[in-house]
Amino acid sequence: MKLNIAVLPGDGIGPEISAQGVEVMSAVCKKFGHEVHYEYALCGADAIDKVGDPFPEETYKICKEADAVLFSAVGDPKFDNDPTAKVRPEQGLLAMRKKLGLFANIRPVQTFKCLLHKSPLRADLVDGADFLCIRELTGGMYFGEKYQDNDKAYDTNMYTRPEIERILKVGFEYAMKRKKHLTVVDKANVLASSRLWRQIAQEMAPSYPEVQTDYMYVDNAAMRMIQEPRFFDVMVTENTFGDILTDEGSCISGSMGLLPSASTGESTPVFEPIHGSWPQAKGLNIANPLAQILSVAMLFEHFGCKAEGALIRKAVDASLDANVRTPEIQVEGGAKYGTKEVGAWIVNYINK
Ligand code: IPM
Ligand code: MN
């Protein structure tokens, strides 16, 4: 296979984890005889500083023409506490999602046996938890009409039938490939938009007779996720609920640095860690590269390259078992490994 990859390292720890993702990708391509070409592009605060736009037209063009985007992270504290800032790094991410039509964000929540003790939840509760959160990514409050003056502000949570149908279809299809259990998460007791989601889900469910479909209010789902995370197989929800629930989900595994994601839709798919740019750690070689490396596994799997994805997952498991871990998940007294060293160990494992 020939792969053209747009690489968007972004801000904070982004460039450091990006480099490890690229190294792993190259090693896998070499091993399996794929040809890979990388095109680097600016985004986030880095792009604002350099060209005044968090998702420049040039970056859009590079993404559009690529087979996949390997994205890292955006965000810089200098924009966070300035409500008057006209342009923010996060707008780059939102622009990328919208312009590439990435309406389906797939965020797997998984645990690693040897890291169960790192979870703030009891190990016996999280052991074996393994579910997918499918988050709608280009609609809802994020993109609905907004207004703000000194005395009043609002965001509009609008969804149209086609937007709801296409994301629910993704949910049903993933459920069919997994344990055939779909949970539609909404707030239909209060929100009109949620009632339409639920109505459409009920219309579609008979077309997937093998899937057990249940409906859960988002407040209840937030509770159930920590009380009984094994309950879930596939959950599907709107943009804002999905944003909140997936941060909660990342805690189940014990470190935000472990979870990858895929965003797919109308154009080039994007693969990225679910964590942010962790600006305080920038340049310190302490960020966990595994979420980025597992994003590369998801990228291969997206193109049907199962063996490639499986090898990356095996290498990641082996690194954890060998205690080759970044500080936040290292065992007490364990050796110190940085971002680069973990990446290099995994590359070496792949090359063997
Ligand atoms: C995420 C992030 C983004 C979001 C931010 C950075 C705009 O939190 O990908 O979950 O809210 O979608
Ligand atoms: Mn988020």
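Since the model is a prediction, treat every value here as computed from it, not as a measurement. When a ligand or atom number is given, it counts from 1 through the structure's own listing order.
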Lys/Arg cation over aromatic [Y]: [X], 6.0 Å, 45° cone:
| X | Y | answer |
| --- | --- | --- |
| R135 | Y142 | yes |
| R88 | F79 | no |
| R166 | F103 | yes |
| K187 | F241 | no |
| K177 | Y174 | yes |

Near K336 NZ, under 6.0 Å, is it more than 12 heavy atoms from other residues, nucleotides or ligands?
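12 or below, so no.
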Tell me the residues surrounding ligand 1, counting only those with a heavy atom closer than 4.0 angstrom, sorted by chain and number.
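Correct list: E90, L93, R97, R107, R135, Y142, D243.
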Measuring centre to centre across the rings, with the benzene-like ring taken for any Trp, is Y159 within less than 6.0 Å of W197?
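When the ring centroids of Y159 and W197 are compared, they turn out to be within the sub-6.0 Å range.
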Could you check whether K169 pairs with E165 (Lys NZ or Arg NE/NH1/NH2 to Asp/Glu carboxylate O, under 4.0 Å)?
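A salt bridge is absent here (no side-chain N lies under 4.0 Å from a carboxylate O).
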Tell me whether D186 is salt-bridged to R195, with the criterion being a basic N under 4.0 Å from an acidic carboxylate O.
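Judged by the 4.0 Å cut-off on N to carboxylate O distance, D186 and R195 do not form a salt bridge.
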Atoms of type N/O/S from protein, distance to the Mn ion (ligand 2) below 2.8 Å
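That number is 1, waters not included.
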